[in-house]
Amino acid sequence: MPDILAELNPAQRQAVVAPPGPLLILAGPGSGKTRVIAHRVAYLIQARGVSPRRIMAVTFTNKAAREMKERLNRLLGPTALELTVGTFHAICARILRQDGAALGLDRSFVIYDDDEQRGLVKESLVDLGLDPKQHSPGAVLGAISAAKSQLMEVEDFRRRHAQDYFQEVVGRVYERYQERLRESKALDFDDLLMGAVQLFQRHPPVLARYQERYQHLLVDEFQDTNLAQYALARLLAGGHRHICVVGDPDQSIYSWRSADIRNILSFERDFPGAQVVYLEQNYRSTQTVLQAAHAVIAKNKERKEKQLWTENAAGPPIMMVEAYDEKEEAQWVALEVERLLSQEKGGQCAVMYRTNAQSRPLEEAFLHLGLPYQLVGGTRFYERREVRDVVAYLRLAHNPYDSASLARVLNVPPRGIGAKTIEDVSRLARQRELPLYAALQLAAAEDVGLSAAARQRLGGFLELLHRLMAAAKELAPLALLNLALERTAYRQYLVESEPGRPGEERWENLLELRGVAEEYGEMGPGVGLEAFLERVALHSDTDELGEKPERVTLITLHQAKGLEFPAVFIVGLEEGILPHSRSFDDPAQMEEERRLFYVGMTRAQERLYLVRAFRRRYLGASTPRLPSRYLADIPALLTITPRERGRAAERPAAPAALAAYRAGEKVRHAQFGDGIVVAAQPARDDLEVTIAFKGQPGVRKFLASLAQLEKTG
DNA sequence: TTCCCGCGGATTTTT
DNA sequence: TCCGCGGGAA
């Protein structure tokens, strides 16, 4: 047996060596799923003689892709470089650059991010004579994005939503929006996925080529796939059916981004004969954390029961904290973090919350105590104004039809091209149905009603642009970036518009961007620029989340997925915050809120703190708050309060009394009343008791440690 | 053209 | 409470 199997548990091994047909791995938190994927890849290569060139592994985040690559590198050495490992979006972008011509796509398309998409929606609304105030561009964009995620093109969408007024508006905007993207030679994130699917559906020979090339497909975080991603996976695996998907429905927290939990449920239907493997041994958390998390998630109705277990110690009880308000909450957390650090107990700590707004008092508390922290989220590097400006110049050097970038920098730094001139040129573009770039050239070259001064300024801008375009063909990304900075006198602009530290800070961000550009110096001018721009476009915030020891991580629950910390604080455990009030009226969304809490809890390795405030300032007003309903689901046996900690030393969480239930025994349950034990099965450090209750049909199953049972006979 | 004030809206955001 | 945007004045 190859040594890659040596360090795996039986279930993991089963998943790794399963024959290359369809395989569904249901993996609980901390059960080693990344390791299983990596080892399966290694096994395919080493034991089954599959060429690494024929394997594709897909993830959702760049970070996950990077971690996968690192793991495979350790396992396989240089061979790993021949594998295709990447995010859905990155892989689709590559496919479309390679073969998108069949769909009429230009190889040098740009990728529009959220802001640019929203801007484009807004312009599309205006084009249609609609008021962006009445139809929030964000909401319209959301609907368009959802449509694309479900592979609904404009015509489908309009046909299906003819009656509903809002959807009818969305349909019209969708159409215009796509036109505008096309003009700009741009794709949005959803287009990358939908485009790849369309390419494969409409051009079977292209699909056949990819199916032939990639004989083995592995997909991570499968519970987060949307329909487009699932369709893509099915197409790629259509011939050989060598598809392995890994996921955990209990950790599905992105349905609002069109992730569809049904994909994981229909997998067995779409791939008949699929093998299913459960990874239930947890290597991350203490028994206490796991039991509490299970007690919470078990309340969801729409789920497949998994029985997580661990060989880890029981660990300290879960600390339940009630503070007076959000300030005291933050203060308590900060003091506790300080205490953990001083005792070297905590290692890394993370504070998790439902909404970004909750980070503020926490930051203040940490600042006050002088404890270093890192805030995940907030203004991201690539969203900073100065970074976007400069990136826009580089994008234009690559593709001048990119209207969003064009509009962004036309008068940045200010060069006297004001709103009036921009409006004139935009109108020209609309009237003659020209891309902005073409309209600009026309307005500069011919008399179309602009003043001589305006024409001259436009000419000056175009000259700059053409200079950069020419340079893009010859210079490395860094040199091109330097040229852009120099020609636009961008530093001067920064320092003058925001004298003192702000301007300098912005300049330092650009120096950092130069560092990134430098990495793409050896690829040759055009290719290097393309790769650099793609990196910038598909970049995300958690990518850079390094292990900075001694630094508390402040993070939303959503962003915390996939991470782990020795000590975790979840704050704001109040009705209306978690679960969030926006979810109250929708049962499906309420189940997702619960999963979100479950995800947060299962990030903890050793210590878990569940913190709430009695009253909280929210949207300005301070109001009293009720404890989150989830807190009541956690067995009191597993918890402790700060006051109790003063008295008791940390007691083991698993009660000794759970050992003895046998079939035939009479018991009483706090909620269900009298019953008789039908079966009792050891479930690793616990006992699963099956009970039939008097006067009730069927049986119910409990974990002895959690159920409030009492022997009556 | 640019700057400043007032109003409205505020969940989460893998790419 | 705080941020971003649009409209009006300098």
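All chains are named by letter (A, B, ...) in the order of the sequence lines, taking the proteins before the strands, and each is independently numbered beginning at 1.
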Next item on the list: Mark up nucleotides 1-10 of chain C, 5' to 3', with B wherever a protein heavy atom is under 4.0 angstrom from a base atom, S wherever such an atom reaches only the sugar-phosphate, and - elsewhere.
Entry: B-S--S----
Note to self: Expressed as a whole number of angstroms, how long is the span from A/E592:CD to B/dT11:C1'?
What the structure shows: 11 Å
Check: Rounded to the Å, how far apart are A/E593 CD and B/dT11 C1'?
Finding: 8 Å
Note to self: Regarding A/G562, tell me which of base, sugar-phosphate or nothing describes its non-hydrogen contacts under 4.0 Å with the strands shown.
What the structure shows: nothing
Notebook entry, point to check: For A/L192 and B/dT14, what is the distance between atoms CG and P respectively, to the nearest whole Å?
Noted result: 16 Å
Next item on the list: For the pair A/W256 and A/Y254, name the ring-plane relationship: parallel under 30°, tilted 30 to 60°, perpendicular over 60°.
Entry: tilted
Check: Rounded to whole angstroms, how far apart are CG on A/D224 and C1' on B/dT14?
Finding: 7 Å
Check: Cut-off 3.5 Å, side chains only: do A/D260 and A/Y230 have a donor facing an acceptor?
Finding: no
Note to self: Tell me whether the ring of A/H580 lies stacked over the B/dT11 base, given a 5.5 Å limit on centroids and a 30° limit on the plane angle.
What the structure shows: yes
Notebook entry, point to check: With a 4.0 Å cut-off on heavy atoms, is A/Q589 in touch with a base, just the backbone sugar-phosphate, or nothing at all?
Noted result: base
Checklist line | Rounded interatomic separation in angstrom, taking CZ from A/R354 and P from B/dT11 | finding: 10 Å
Next item on the list: Return the set of residues passing side-chain contact (heavy atoms from CB on, under 4.5 Å) with A/S451 (not counting sequence neighbours), or none when no residue passes.
Entry: A/A453, A/A454
Margin query: Check this one for me: any side-chain N or O of A/Q559 less than 4.0 Å away from OP1 or OP2 of B/dT13?
Written below: yes
Next item on the list: Specify the separation, in whole Å, of atom CG of A/N356 and atom P of B/dT12.
Entry: 5 Å
Item checked: is_close_aromatic(A/Y177, A/Y174), centroid dist under 6.0 Å -> no
Notebook entry, point to check: In terms of the nearest nucleotide of DNA chain B, which residue is placed more toward the 5' end: A/T355 or A/P414?
Noted result: A/P414
Notebook entry, point to check: Is there a donor-acceptor contact under 3.5 Å from the side chain of A/R415 to the main chain of A/L410?
Noted result: yes
Notebook entry, point to check: Is A/L187 touching bases, backbone alone, or none of the nucleic acid, heavy atoms closer than 4.0 Å?
Noted result: nothing
Note to self: Just the rounded figure in Å: distance from P of B/dT2 to CG of A/L410.
What the structure shows: 12 Å
Next item on the list: May I ask you to say what A/D114 touches in the nucleic acid, namely base, sugar-phosphate or nothing, with a heavy-atom cut-off under 4.0 Å?
Entry: base
Margin query: Which residue in the set A/F189, A/F222, A/F60 passes ring pair (Phe, Tyr, Trp, His ring centres under 6.0 Å) when paired with A/F88?
Written below: A/F60
Notebook entry, point to check: Could a donor-acceptor pair under 3.5 angstrom be found where the side chain of A/R582 meets the base of B/dT11?
Noted result: no
Next item on the list: Write down the distance between CG (A/D115) and C1' (B/dT13), rounded to a whole number of angstrom.
Entry: 12 Å
